[in-house]
Amino acid sequence: MEINKTMQDALNKQINAEFYSAYLYMAMSAYSESINLPGFANWLKMQAQEEISHGMKIYEYIFSRAGKVILDKIEQPQTEWKSIQEVFNDTYEHEKKVTELINNLVDLSREEKDKATELFLQWFVTEQVEEEDSADEIVQKLKRVNEDPNGLMILDAEMAKRVFNHAQNTETK
Ligand code: FEO
């Protein structure tokens with residue numbers, strides 16, 4: 001069944017939100033690079049790729065329901081932060097906002113009685129649990145390190161290990 005206009009518009013908005021997330025994480029990655037934390041920069045770059053894959057998942061879904069994809073302009077993200085701690089505090093807060101957006105989409109799919117979209121969105125509901133959890137984990141680790149240069153170096157090396165697998169649209173941490 002063709003997707004209805006209300007649901008289609010809301011999903012198009014979410015594509016924009018996912019691409020904005022990618023843009024935000026790329027800006028954070030650039031900032032991390034500028035303060036000589038290449039491992040954190042890598043993690044954030046992988047996160048940006050993951051966000052693009054989220055956007056593309058919705059993009060493909062709209063087509064599979066004979067809908068129209070409309071790409072809007074992407075807002076400019078923040079470019080400076082006070083510290084790497086602040087970057088990850090913001091990451092965690094941002095993911096909580098994205099979770100809210102996903103939950104609102106689920107509510108809308110129920111209002112519209114669009115079972116296929118409701119089911120499609122379940123993947124995102126689960127994904128957001130993971131997204132919040134991994135951001136919070138890094139926030140906690142950074143708090144423990146508390147700007148200690150040695151601890152930060154060890155953490156940076158850990159963050160350097162994250163890779164993104166394009167073929168499977170998955171990642172390993
Ligand atoms: Fe696409 Fe980080 O949620």
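Remember, it's 1-based here, ligands and their atoms both numbered in the order they're listed. What you see below is based on every heavy atom in this structure, not just the backbone, and it leaves out hydrogens, waters and symmetry mates.
Around atom 1 (Fe) of ligand 1, the two atoms OE1 of E51 and OE1 of E18 are separated by an angle of 80°, to 10 degrees.
The atom of H54 that is an N, O or S and sits closest to atom 1 (Fe) of ligand 1 is ND1. Of all N, O or S atoms in E131, the one lying closest to atom 2 (Fe) of ligand 1 is OE2.
Side-chain polar atoms of Q85 and N89 form a donor-acceptor pair below 3.5 angstrom. For the residue pair Q47 and E131, a side-chain donor N or O sits within less than 3.5 Å of a side-chain acceptor on the partner.
Among the atoms of E127, none of the N, O or S atoms falls under 2.8 Å from atom 2 (Fe) of ligand 1.
Contact annotation: the side chain of D148 never approaches that of N146 to less than 4.5 Å [non-hydrogen atoms, C-beta and beyond].
Salt bridge K45/E50: absent, no basic N to carboxylate O contact under 4.0 Å.
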